[in-house]
Amino acid sequence: MSVVTPYYICGPTASGKSSLALELAKKLDGEIVNADAFQLYQGLEIVSAAPSVEEREQVPHHLYGVLPPTESADAQRYVTLAKPIITDIIARGKTPIITGGSGLYLKFLTHGAAPLPTADAGLRAEMDTRPLDELVAQLQLLDPLEASRTALQNRRFVSRALEICLLSGQLASDLRDRWETKTTEISSQLQGLVIQRSRPDLHARIAMRTRQMLDDGALEEVAALTAISRNCEKAIGFREIRDLIIGEIDRATCEELINAATRQYAKRQETWFRREKWLIPHLPT
RNA sequence: GGCCCGAUAGCUCAGUCGGUAGAGCAGUGGAUUGAAAAUUCACGUGUCGGCGGUUCAAAUCCGUCUCGGGCCA
């Protein structure tokens, strides 16, 4: 008896991952597992372009809308949620079809987490109050090698490197090296595809989806989340729609701002997936 | 019809005393192992609306034409 391997469906936003996953799930007797950071949240279905109720009725969908919007996810937490579900699907003899565009989350799932300490909200809040120069200087002092490998203009990366050193009492560079060495052999055992579309095609699909999103109740969704949201503010479209609601911008401007932000996101996703050599390019007809 | 203002990168615009031009946005490429739909780095040659003139030298000054916008008839 052969062991079922999960199948990954990746690609930029609006490239058609969800419908391809649905098609494949029917053919392979599979179940779909979300790998999108924002489709994890409840109440953000429209803005995050999560699969519709009709789609979810056709085959089992997992990890959609499972987190309250007040909570915050991260890559490690995602893996903690996804792993048992995937194991269970396999145990039942079905094929897990992991679908989503969050490169980091997928990377954690496929290649495992480095032995690094978990993020610490208090420490981060403290570091956020300090000037970047100071954080850089401290990192250079504690772990010069890590500092030399880090993009020092990127506050997030500097903070994280420093956080690792401070919380673990070890060198971030050492801990990261330990993980790097094993990644290549893992890749050879993975199966999946990345949807590739031409830019004009993708841009047209993005524009169409934005329009539909705004027509389909995105305003109500954002209005409902505004009071309680914190992390949902980072979702593309959230701020733009909030500005539309309060009359700061008009509908056309809102649409164009969302389109531009989405296009830029799609480009970043393509850059990410280009590095994942194990993914087989899939060109929709 | 007369007068005034504008025309510079895909878009919005800046450009000093004449020395052949640069910002933002968009776009493109990259980085990215616990915030990731986040964060961050790099990339700027374009008939300076057309034609003519002045000048060693014109986006810049002069004339004229075209196209916008406005005011007066």
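Any value given below was found using the heavy atoms of this structure, including those in side chains, with hydrogens, waters and symmetry copies removed. Proteins come first, then strands; the chains are lettered A, B, ... in the order of their sequence lines, and each starts at number 1.
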In terms of side-chain geometry, is the basic nitrogen of A/R199 or A/E270 positioned less than 4.0 Å from the acidic oxygen of its partner? yes
Has the side chain of A/K267 got a donor or acceptor that lies under 3.5 Å from a partner of the other kind on the base of B/rG27? no
So which nucleotide from B/rA36, B/rG34, B/rA31 ends up closest to the side chain of A/K234? B/rA36
Distance between C1' atoms of B/rG53 and B/rU16 (Å, rounded): 25 Å
Can you check the A/R124 CZ to B/rA36 P distance for me, whole Å? 9 Å
Note every stem involving RNA chain B: at least three consecutive Watson-Crick or G-U wobble pairs, i with j then i+1 with j-1, with both distances under 3.5 Å. B:1-7 with B:66-72, B:10-13 with B:22-25, B:27-31 with B:39-43, B:49-53 with B:61-65
At what distance, to the nearest 0.5 angstrom, does CZ of A/R155 lie from CG of A/D128? 6.0 Å
What verdict does the side-chain hydrogen bond (donor to acceptor under 3.5 Å, both in side chains) test give for A/R209 and A/T13, after you've listed the backbone C-alpha separation in whole Å, the side-chain angles of each residue and the deciding distance to 0.1 Å? CA-CA 10 Å; A/R209 197 184 63 183; A/T13 187; 2.9 Å; yes
Using a 4.0 Å heavy-atom cut-off across all strands, classify A/A73 as base, sugar-phosphate, or nothing. sugar-phosphate
Separation between the C1' atoms of B/rU47 and B/rA58, rounded to whole Å: 15 Å
For a quick test of reading the model: is some side-chain N or O of A/R268 closer than 4.0 Å to OP1 or OP2 of B/rA36? no
Minimum-distance nucleotide (side-chain atoms of A/N154 versus B/rA36, B/rG29, B/rA31): B/rA31
Figure out the CD/C1' separation between A/Q76 and B/rA35, and round it to whole Å. 14 Å
For a quick check of understanding: with a heavy-atom distance under 4.0 Å over all strands, which category does A/S102 fall into, base, sugar-phosphate or nothing? sugar-phosphate
Whichever of A/W272 and A/E256 has its nearest RNA chain B nucleotide further upstream toward 5': A/E256
Considering only the C1' atoms, how many Å lie between B/rG27 and B/rG34, rounded to the nearest integer? 32 Å
Separation of B/rA37 C1' from A/L257 CG (nearest whole Å): 15 Å
If I take atom CG in residue A/L40 and atom P in nucleotide B/rA38, what distance separates them, rounded to the nearest angstrom? 16 Å
Taking OH from A/Y41 and P from B/rA38, how many angstroms apart are they, rounded to a whole number? 13 Å
Please give, in whole Å, the distance from B/rU39 P to A/L132 CG? 15 Å
Shortest non-hydrogen pair, A/A82 vs A/L109, comes out as CB-CD1, 4.1 Å
If the C1' atom of B/rA9 is compared with that of B/rG49, how far apart are they to the nearest Å? 15 Å
If I pick the C1' atom on B/rC4 and the same atom on B/rU40, what distance separates them, to the nearest angstrom? 49 Å
Please classify the glycosidic conformation of B/rG63 as syn (within 90° of 0) or anti (everything else). anti
Would you please name every residue forming a side-chain hydrogen bond (donor to acceptor under 3.5 Å, both in side chains) with A/E126, sequence neighbours left out? none
May I ask you to verify if any side-chain N or O of A/R176 is less than 4.0 angstrom from the OP1 or OP2 atom of B/rG34? yes
P spacing across the pair B/rG69 / B/rU45, given as an integer number of angstrom: 32 Å
Among B/rG27, B/rA31, B/rG34, find the nucleotide with the atom closest to the side chain of A/Q264. B/rG27
Taking the C1' atom of each, how far is B/rC48 from B/rA23, in whole Å? 16 Å
Distance only, no hydrogens: is a donor on one side chain within 3.5 Å (strictly under) of an acceptor on the other, for A/H111 and A/S187? yes
Measure the distance from CG on A/N259 to P on B/rC25 and round it to the nearest whole Å. 18 Å
By the 4.0 Å heavy-atom rule, please label A/Y105 as base, sugar-phosphate, or nothing. sugar-phosphate
For A/R263 and B/rA26, is the shortest distance between a side-chain N/O and OP1 or OP2 below 4.0 Å? no
From A/R77 atom CZ to A/F108 atom CZ, the distance as rounded to the nearest 0.5 Å: 14.5 Å
For the side chain of A/H203, counting heavy atoms from C-beta on, which of B/rA37, B/rA38, B/rU28 is nearest? B/rU28
Do NZ/NE/NH1/NH2 and the carboxylate oxygens of A/E256 and A/R251 come within less than 4.0 Å? no
When you measure from the side chain of A/A260, which nucleotide among B/rA26, B/rA38, B/rU28 comes out closest? B/rA26
Please give the distance between the P atoms of B/rG22 and B/rC65 as a whole number of Å. 34 Å
If you check the A/D128 side chain, which of B/rA26, B/rA35, B/rA37 turns out closest? B/rA35
As a test of reading the structure: which of B/rG34, B/rU28, B/rA37 is closest to the side chain of A/R160, going by heavy atoms? B/rG34
Contact class for A/N231 vs. all strands (heavy atom < 4.0 Å): base, sugar-phosphate, or nothing? nothing
So, is A/R199 near the phosphate of B/rG29, with a side-chain N or O under 4.0 Å from OP1 or OP2? yes
Between C1' on B/rA38 and CG on A/L104, what's the gap in Å once rounded to a whole number? 10 Å
Nearest heavy-atom approach of A/L28 to A/I97 is CD1-CD1, 4.5 Å
Categorize A/A119 for me: base, sugar-phosphate, or nothing, with a 4.0 angstrom heavy-atom threshold over every strand shown. sugar-phosphate
Position toward the 5' end of RNA chain B (nearest nucleotide), A/A75 or A/V47: A/A75
Of B/rA35, B/rG27, B/rA37, the nucleotide closest to the side chain of A/S48 is B/rA37
Closest non-hydrogen atom pair between A/G11 and A/V194, with its separation: CA-CG2, 3.9 Å
